[in-house]
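Written below as structure tokens is the structure these notes are about.
Treat the numbers as computed from the prediction; the structure is a model and nothing was measured.
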Amino acid sequence: MSDDSTWGKAYARGPVEPTSDDSTWGNVYARGPLLLGVRHHGPGSARAVRAALEAARPDVVLIEGPPEADPLIPLAADPEMRPPVALLAHAVDEPGRSAFWPLAEFSPEWVAIRWALEQDVPARFVDLPATHTLAWDQETDAPHGTDAGDDTGAETGAREELGAEGESGPGEEPGPERDLRVDPLAVLAETAGHDDPERWWEDVVEHRGPGLRDPFAPFTALEEAMTALRERYGAAGRPRDLVREAHMRLKVRAARKEFGDAVAVVCGAWHVPALRERTTVTADRALLKGLPKVRTDLTWVPWTHRRLARSSGYGAGIDSPGWYGHLFRARDRPVERWLTRVAGLLREEDRIVSSAHVIEAVRLAETLAAMRGRPLPGLSETTEAVRAVMCDGSDVPLALVHDRLVVGDVLGEVPQAAPAVPLQRDLAREQRRLRLRPEALERELELDLRGETDAGRSRLLHRLRLLGVGWGEPARSRGSTGTFRETWRLRWEPELSVRVAEAGVWGTTVLAAATARAEADATAARSLADVTALAELCLLAGLPDALPVVMRVLADRAALDADVGHLAQALPALVRSLRYGDVRGTDTGALAGVAAGLAERIFVGLPPACAALDRDAAEEMRGHVDAVHGAVGLLVETPTGAPGTGHADVRARWRSVLRTLALRDTVPGVVRGRAVRLLLDDGELGSGEAARLMGLVLSPGTPPTDAAAWIEGFVGGGGGMLLVHDDRLLTLVDTWLTGVPAEAFTDVLPLLRRTFSAYEPAVRRTLGELVRRGPDGPAVPAARAAGTPGFAAEPDAERADAVLPVLRLLLGPDPEEQHGRPRRMIEGTTETGSLVGVGG
């Protein structure tokens with residue numbers, strides 16, 4: 001194997017159409033079964049397999065894969081079956097323990113299956129049964145969802161390109177040979193004098209036509225190469241392969257006994273020498289004796305090109321599944337067709353790409369291939385041509401080409417007749433009913449919950465999240481903050497089929513499974529906040545049957561939990577649930593009662609809980625105060641109220657608590673400052689009183705660190721505009737800061753920097769100008785002297801009227817104005833339409 005002359009001879013002959021007459025090639029079964037060693041997911045191997053099968057016309061085709069999937073083979077002929085797909089095997093009692101055997105349209109195994117079905121020839125799988133594979137993985141602690149077969153199958157990340165894979169078997173100890181994992185493709189490329197295995201394989205196989213004078217020559221050459229490698233490396237650190245190959249030999253013997261000598265085997269080329277080896281039945285059965293078993297189910301599931309890529313962690317993966325798929329489909333002028341697709345993609349992204357660019361890119365790719373001695377421009381040449389000609393040397397659009405075309409977002413489909421757990425079937429029905437098609441490409445979905453279809457989609461996605469099926473992730477809505485709108489990011493991954501199978505233990509429909517899961521999660525929840533979050537999710541997911549159980553657990557936990565922090569964390573989720581229930585038409589009376597009771601317990605327990613806190617605990621408590629304040633505001637605005645409890649009472653009680661926090665010396669400064677700020681924002685505290693309290697805190701008798709903490713609580717979190725518009729507060733802060741002793745300034749500085757760094761740049765710049773001007777600066781404008789801008793006692797009608805034309809453009813014509821009856825356009829307008837408080 002000092003050069004690739006063998007390979008060269010195998011592909012040097014001219015093309016010839018294969019015939020069904022065996023005599024042209026001699027007796028291809030003279031040495032035993034026809035062993036077609038392939039590279040999994042190789043389009044060149046796939047074409048060569050079809051040509052060999054057409055020439056040999058076997059009576060049965062044996063394929064590397066789990067034998068339990070034999071009944072699923074006929075489904076490959078279903079018109080609704082569209083690769084890439086995968087055989088999914090999972091343990092019946094533990095669905096999360098699973099394995100996949102992916103197949104693309106350019107996989108040799110898929111081509112062999114389709115040829116057998118077209119020719120009405122039996123096709124069977126011959127690899128180690130999944131019942132042993134999954135149990136074996138369990139004993140050796142292999143990761144779930146990992147490869148269990150060869151490059152065709154279950155992902156383990158331990159596979160090599162030409163069929164070498166394995167984990168240590170039961171009782172096997174790792175050793176020097178175990179650590180030596182050989183990549184056959186890399187060894188062959190290095191032997192042929194190439195440093196890039198992918199590029200060498202493209203030149204030798206993928207860019208060569210399948211119509212050869214001898215369609216078996218490629219497999220003969222590959223068998224010779226693999227034989228030499230097996231003689232040199234043995235099992236190459238993969239002891240499990242010896243067991244798998246023993247099972248394959250037994251299956252081949254059984255097939256020859258049933259069908260005669262005309263048996264064709266399609267398997268990873270690494271296994272061909274072992275299948276050719278002459279061993280006894282007794283020896284092979286001895287290797288299989290005592291293997292662990294687990295009860296399994298198998299089915300077809302959709303797969304994606306992205307998961308065929310090696311970068312996804314799939315050990316038998318390829319670098320460019322999209323490119324390989326193109327090579328398989330494009331029987332003529334593959335480079336021209338590929339670059340045309342690239343141009344189309346770039347045009348969709350608003351890049352200027354003309355037919356002249358395509359022509360020039362083709363010429364450049366062909367020139368590069370000729371200079372490098374390649375039979376056809378490969379992916380590297382076409383990529384360089386695209387970068388130079390279509391992307392102006394930039395890698396940014398090239399990354400898009402790689403993601404969308406070289407790898408691709410193709411998602412396969414399986415027929416409805418494929419076996420599936422009941423939950424999977426119900427999910428498929430819901431997807432069709434709601435017109436929510438799974439896609440491999442990530443997309444955003446905007447939902448308007450006022451429509452029945454969108455509301456149903458929202459419920460389905462929330463139920464799946466509750467079941468651990470992360471098809472969609474909530475995203476921030478753009479252009480609306482209302483509770484009637486949701487935004488989701490959707491992307492279907494093959495692993496979600498396993499998650500659906502796992503969730504099948506909770507029920508046979510999505511609704512029943514989500515209900516059962518919510519009840520179980522509520523019982524097992526460790527904290528009150530977890531239960532309230534679950535109650536919120538039950539409303540979002542539309543699970544009315546689960547809500548009583550969740551509410552009972554919530555009431556019990558709330559009654560027993562004396563930690564004010566836990567109660568404060570739980571209240572916002574409850575109040576949000578009230579509003580969500582309103583937009584979804586859900587009865588939330590029970591939630592309102594619990595929320596009101598929770599709020600009352602917080603009001604009673606918050607002041608004592610704020611005493612004698614250290615700095616970190618005080619910061620955490622400030623967050624709780626903010627959360628409760630927002631929750632009380634939402635609770636007051638929510639139409640549904642607790643029986644016998646007035647909204648005004650809840651607001652008044654909370655304001656009383658805030659006053660207590662603001663005036664109590666034992667409360668940390670950051671909490672006191674926050675309480676004063678919240679009262680000021682609600683209009684319950686005048687600016688003069690706020691300035692008085694600030695003056696007391698910033699007096700010389702208060703330690704500088706306590707004063708800085710008070711300022712952080714008062715003006716932190718967006719309080720910069722308050723200092724911009726209130727000269728008295730800004731002067732107090734400035735005067736105090738200039739009087740801080742030098743020895744205390746280093747302690748104060750981190751707090752102040754954290755406070756002021758949160759302001760917008762424009763606010764910081766304005767504050768700097770005001771401080772630079774100082775109290776003796778230019779005269780204050782008359783409008784500002786009369787009162788603080790934005791907080792005037794009387795509206796400025798002239799400035800408000802100037803806004804009306806713009807509002808009319810935004811809101812459209814007013815029907816009442818068209819009939820001669822002026823009306824208020826928004827809350828707070830005067831009878832003539834002037835806006836109250838605008839620019840006062």
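With rounding to the nearest 0.5 Å, the separation of CG in L466 from CG in L534 is 6.5 Å. Atom CZ of R664 sits about 12.0 Å away from atom CZ of R672, to the nearest 0.5 Å. The CZ atom of R463 sits 11.0 Å away from atom CG of L537, with the distance rounded to the nearest 0.5 Å. Here W471 contributes atom CH2 and L436 contributes atom CG; the two are 3.5 Å apart, rounded to the nearest 0.5 Å. Atom NE2 of H462 and atom CG of L543 lie 10.5 Å apart (nearest 0.5 Å). The distance from atom CZ of R491 to atom CG of L496, rounded to the nearest 0.5 Å, is 11.0 Å.
By the 30° and 60° cut-offs, the orientation of the rings of W654 relative to H629 is tilted.
Here the side chains of E446 and E486 are not in contact, with every heavy-atom distance at 4.5 Å or above. Using a 4.5 Å cut-off on side-chain heavy atoms (C-beta onward), L490 and E444 make no contact. Taking the side chain as every heavy atom from C-beta outward, L447 and R485 never approach each other to under 4.5 Å. At least one side-chain heavy atom of P474 sits under 4.5 Å from a side-chain heavy atom of R465. By the 4.5 Å heavy-atom criterion applied to side chains, L467 and R499 are not counted as neighbours. The side-chain heavy atoms of H624 and V671, taken from C-beta on, include no pair separated by under 4.5 Å. For the pair V667 and L613, the minimum side-chain heavy-atom distance is 4.5 Å or more. Residues P668 and M621 have side chains not in contact (no heavy-atom distance under 4.5 Å, counting atoms from C-beta outward).
Scanning both residues, G507 and A513, for their nearest heavy atoms gives N-CB, 3.8 Å. In terms of heavy-atom proximity, V553 sits nearest to A522 at CG1-O, 3.4 Å. Nearest heavy-atom pair across P805 and D801 is CD-O, 3.5 Å. Across all non-hydrogen atoms, the minimal contact from A518 to A546 is CB-CB, 3.9 Å.
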(request) Please step through side chain to side chain contact (heavy atoms under 4.5 Å, CB included) for the pair C610 and L661, ending with a clear verdict. (result) CA-CA 8 Å; C610 290; L661 295 177; 3.9 Å; yes

(request) Check the pair D521 / D530 against side chain to side chain contact (heavy atoms under 4.5 Å, CB included), numbers first and verdict last. (result) CA-CA 9 Å; D521 287 353; D530 291 339; over 6 Å; no

(request) Applying side chain to side chain contact (heavy atoms under 4.5 Å, CB included), run through L460 and L464 and close with a yes or a no. (result) CA-CA 6 Å; L460 176 63; L464 291 176; 4.3 Å; yes

(request) Check step by step if side chain to side chain contact (heavy atoms under 4.5 Å, CB included) holds for V604 and R653. (result) CA-CA 10 Å; V604 173; R653 287 280 292 116; 4.0 Å; yes

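By the neighbour-count criterion of 12 heavy atoms within 6.0 Å, atom CG of D665 is sparsely surrounded, having that number or fewer from other residues, nucleotides or ligands.
Looking at E519 and R517, no side-chain N of the basic residue comes within less than 4.0 Å of a carboxylate O on the acidic one, giving no salt bridge. Here R655 pairs with E684 in a salt bridge; the nearest charged N to carboxylate O distance falls below 4.0 Å. Salt-bridge formation is detected for the pair E439/R443: a Lys NZ or Arg NE/NH1/NH2 atom is positioned less than 4.0 Å from an Asp or Glu carboxylate oxygen.
Under the 3.5 Å distance criterion, the side-chain polar atoms of T515 are matched with a main-chain donor or acceptor of L511. Panel note: side chain R457, backbone R435; a donor-acceptor pair is recorded below 3.5 Å. Put simply, the side chain of S656 never gets that close to the backbone of A652: no donor and acceptor are under 3.5 Å apart.
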